[in-house]
2 protein chains.
Amino acid sequence: MAVTIKDVAREAQVHMSTVSRAFSMPHRLRPETRDRVLEAARILGYRPSRVARALTTGRTRNIGFIVADIANPFFPPMIKAAEHTARSRDHHLFIADASEDPAIEAELVDALAKQVDGVILCGPRIANAKIENLSETIPIALVNRKVTGIPSVTMDVVHGARVAIRHLLDLGHERLAYVSGPRQSWTNTQIRRTVGATAGDRGTVTVLGPNTPTEDAGMAVAAEIVRTGVTAVLAYNDLIAIGIIEGLDALGVSVPGDVSVIGIDDTVLGRLTRPRLTTINVPTADAGTAAVDLLLQYTAGDEDASRPAAHVSLPTELIIRDSTAPPRGSGS
Amino acid sequence: MAVTIKDVAREAQVHMSTVSRAFSMPHRLRPETRDRVLEAARILGYRPSRVARALTTGRTRNIGFIVADIANPFFPPMIKAAEHTARSRDHHLFIADASEDPAIEAELVDALAKQVDGVILCGPRIANAKIENLSETIPIALVNRKVTGIPSVTMDVVHGARVAIRHLLDLGHERLAYVSGPRQSWTNTQIRRTVGATAGDRGTVTVLGPNTPTEDAGMAVAAEIVRTGVTAVLAYNDLIAIGIIEGLDALGVSVPGDVSVIGIDDTVLGRLTRPRLTTINVPTADAGTAAVDLLLQYTAGDEDASRPAAHVSLPTELIIRDSTAPPRGSGS
DNA sequence: GATTTGTGTGCAAACGATTGCACGACACCC
DNA sequence: GGGTGTCGTGCAATCGTTTGCACACAAATC
């Protein structure tokens with residue numbers, strides 16, 4: 001089978017503990033011994049067994065990364081960044097897809113728990129209480145969710161939504177709609193709360209949904225948008241926004257001529273559609289990196305100390321493209 | 001710490017080996033003992049340590065999944081499907097992004113080797129020889145590459161490319177170009193060989209590239225396309241095709257008015273662009289599933305037997321949308 | 001009733017590393 | 001020249017499972 005620490009020990013004529021130390025505490029060995037061991041290891045092509053190491057040290061150097069839907073273009077850049085940072089810290093990433101299902105999500109945490117040092121939940125759909133629960137079993141870091149006592153990184157969608165709504169208001173829209181996403185999404189709640197407050201007495205905001213965050217859901221909601229008579233909509237994400245545009249188009253309603261549409265996420269998709277999508281950029285890659293860093297420094301910390309759970313908030317930005325315009329009949 | 005098999009043994013008043021057997025060979029236990037053990041395990045919330053199990057059995061029940069670029073929309077559906085199938089077989093998936101770099105790719109295989117039962121290489125950029133090499137260390141399954149003796153699943157791009165070229169020929173195009181992808185890509189080679197042969201004496205095919213499979217690369221090659229004077233191009237993938245369309249547009253060349261463009265992969269993107277992209281559909285999700293199955297049955301097989309390496313070929317299909325049309329000035 | 005055949009459990013040795021402890025060698029100090 | 005350190009290395013226990021072997025007991029065989 002594979003070459004073990006014992007083989008190296010024999011080859012270098014030392015005890016296996018010495019081999020182990022040649023890697024973990026090289027400075028404590030006589031240089032000549034160290035070199036002999038390292039050379040032997042090199043010749044034999046020795047790579048320590050991460051499994052065996054995990055068993056003694058109790059640390060696997062693996063991280064679980066759970067997302068609601070890998071195929072949602074929001075996630076890949078985040079996964080990619082997370083994987084890269086993890087790797088640069090000599091960690092590997094398990095990835096799992098919860099299919100937007102809270103039960104599966106919780107089950108995945110349990111399943112992964114036995115072979116990771118911690119797990120990152122991205123846009124979790126599980127309840128806060130359950131998360132607190134799970135976090136007693138295994139260190140958890142959150143993306144786009146805040147739970148006291150648990151480290152998290154969020155994107156400032158409140159700011160993003162506020163700017164987006166103001167943009168619509170400034171264009172002259174008075175009847176707005178928010179096409180909401182999954183009920184369990186923290187981001188969704190944040191946005192929903194923000195839109196009404198931002199519109200204030202400058203406009204009314206109808207909330208449509210909840211919806212699954214897919215293009216199909218967006219298409220399906222188009223008819224309802226027309227029925228409500230709003231002239232501008234903010235969608236939970238780009239996927240829904242694009243679906244809405246398609247759906248509206250199918251009904252003969254033009255964007256942005258008749259209705260303005262704003263998405264959220266700034267995925268690749270938005271630049272490609274016609275009209276090109278006005279959307280809120282969120283730094284997904286940064287979030288992936290930050291989440292890994294947070295989790296790692298969390299698990300590295302001494303178990304005793306009641307360290308304050310770190311929280312990172314990332315800035316968002318409105319990208320104005322072609323899916324928004326003044327309402328028909330406005331002066332301009 | 002976590003509850004171990006010993007805790008369950010104590011609780012159920014049996015030896016730990018009995019606990020172990022209660023899970024692995026329940027039928028060999030007296031029903032009453034088995035139930036007592038299972039009940040104790042349930043109460044304590046026992047989950048066997050995958051790490052410890054891996055150490056004794058030599059099987060981790062983990063799979064490494066290496067792709068060239070997670071953010072390329074070609075991969076996420078494949079990853080998603082692979083993860084789901086793996087999970088249904090009680091396996092977990094490590095995912096790693098090789099950044100289109102052969103050296104990193106090989107290094108990743110080595111790094112993961114110590115904690116997986118096998119690895120799946122998707123669209124590998126490493127040389128065949130190196131793959132054969134690595135496969136002596138660790139079971140490998142391939143997606144979109146054929147190496148004798150190694151199980152693989154490929155998509156029938158030869159058929160796809162043939163149909164695509166014929167489509168262009170039938171529209172009346174005579175001067176074609178193939179905008180190629182990464183040099184190390186097997187798919188790329190297959191297509192390049194096919195296009196010329198298919199055109200035969202009905203048309204000429206200029207090969208442009210190699211290029212990295214990104215939108216930017218596509219944009220960059222637009223000028224060259226104009227210079228060659230071709231009226232239709234087949235691109236290595238959707239990303240490049242979309243870049244080409246953008247680049248052409250920036251040069252005042254219309255698609256499909258002046259130039260027809262066909263992509264490959266049929267990612268989400270293609271339906272969104274205007275004009276909507278004519279492209280070759282490849283079943284990425286099926287490939288992900290098939291690769292996991294192949295690898296699993298490969299690693300399950302007895303080590304001795306020289307089993308014939310299984311190979312799966314998946315069908316492709318031309319999706320005709322709006323980016324292709326007869327050349328300007330043709331009769332129709 | 002002695003011998004064979006099962007059946008259900010316990011025992012203990014792996015698996016491949018890490019790590020606290022012990023110990024010999026050597027240098028240093030007074 | 002006998003204590004006192006320091007340094008480099010070996011020893012062996014440990015992590016949490018699995019699994020071949022042994023053994024006690026019961027049922028079946030002659």
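Numbered from 1 within each chain, the chains take letters A, B, ... in sequence-line order. What you see below is based on every heavy atom in this structure, not just the backbone, and it leaves out hydrogens, waters and symmetry mates.
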Nearest of [options] to any side-chain atom of [X]?
X       : options                : value
B:Arg53 : D:dT18, C:dA17, D:dT9  : D:dT18
B:Ser20 : D:dT18, C:dA17, D:dT17 : D:dT18
B:Thr4  : C:dT18, C:dA17, D:dT17 : D:dT17

Roughly, in whole Å, what's the span from [atom1] in [X] to [atom2] in [N]?
X        : N      : atom1 : atom2 : value
B:Met25  : C:dG10 : CE    : C1'   : 15 Å
A:Phe23  : C:dT18 : CZ    : P     : 9 Å
A:Met16  : C:dG16 : CE    : P     : 11 Å
A:Lys6   : C:dA13 : NZ    : C1'   : 11 Å
B:Lys114 : C:dG16 : NZ    : C1'   : 9 Å
A:Arg59  : C:dA17 : CZ    : P     : 19 Å
A:Glu32  : D:dT9  : CD    : C1'   : 13 Å
A:Asp35  : D:dT9  : CG    : P     : 11 Å

Side-chain donor or acceptor of B:Arg87 paired with backbone N/O of A:Asp97 under 3.5 Å: yes
A:Thr187 backbone acceptor or donor facing A:Asn144 side chain under 3.5 Å: no
Do the side-chain N or O atoms of [X] get closer than 4.0 angstrom to the phosphate oxygens (OP1, OP2) of [N]?
X       : N      : answer
A:Arg30 : D:dG8  : no
A:Thr56 : D:dT14 : no
A:Ser17 : C:dT19 : no

Sugar-phosphate, base or nothing in reach of B:Thr18, heavy atoms under 4.0 Å: sugar-phosphate
Sugar-phosphate, base or nothing in reach of B:Val51, heavy atoms under 4.0 Å: nothing
With the criterion being N/O to N/O and under 3.5 Å, what pairs connect the protein with nucleotides 24-27 of chain C, and how long is each?
none

Atom pairs and distances, side-chain donor-acceptor, residues 25-32 of chain B, under 3.5 Å, sequence neighbours left out:
{"from": "B:Arg30", "atom 1": "NH1", "to": "B:Glu32", "atom 2": "OE2", "distance (Å)": "3.0"}

Criterion salt bridge (charged side-chain N to carboxylate O under 4.0 Å, His left out) on A:Asp90 and A:Arg50, from CA distance to verdict: CA-CA 11 Å; A:Asp90 190 27; A:Arg50 294 180 77 103; 3.3 Å; yes
Where do N or O atoms of nucleotides 4-7 of chain C meet protein N or O atoms at under 3.5 Å, pair by pair?
none

Minimum-distance pair of heavy atoms, taken over all atoms of B:Ile79 and B:Leu93: O-CD2, 4.2 Å
Minimum heavy-atom distance between A:Val119 and A:Leu295, given as atom pair plus value: N-CD2, 3.9 Å
Aromatic plane relationship, A:Phe94 with B:His92 - under 30° parallel, 30 to 60° tilted, over 60° perpendicular: perpendicular
Side-chain-base donor-acceptor pair under 3.5 Å for A:Arg21 and D:dG10: yes
Sidechain N-carboxylate O distance under 4.0 Å for B:Glu132, B:Arg145: no
Lys/Arg N to Asp/Glu carboxylate O, B:Glu39 vs B:Arg42, below 4.0 Å: yes
Closest-nucleotide ordering on DNA chain C, the 5'-leading residue of B:Leu55 and B:Arg34: B:Arg34
A:Ser17 side chain to A:Arg21 side chain, donor-acceptor N/O pair below 3.5 angstrom: yes
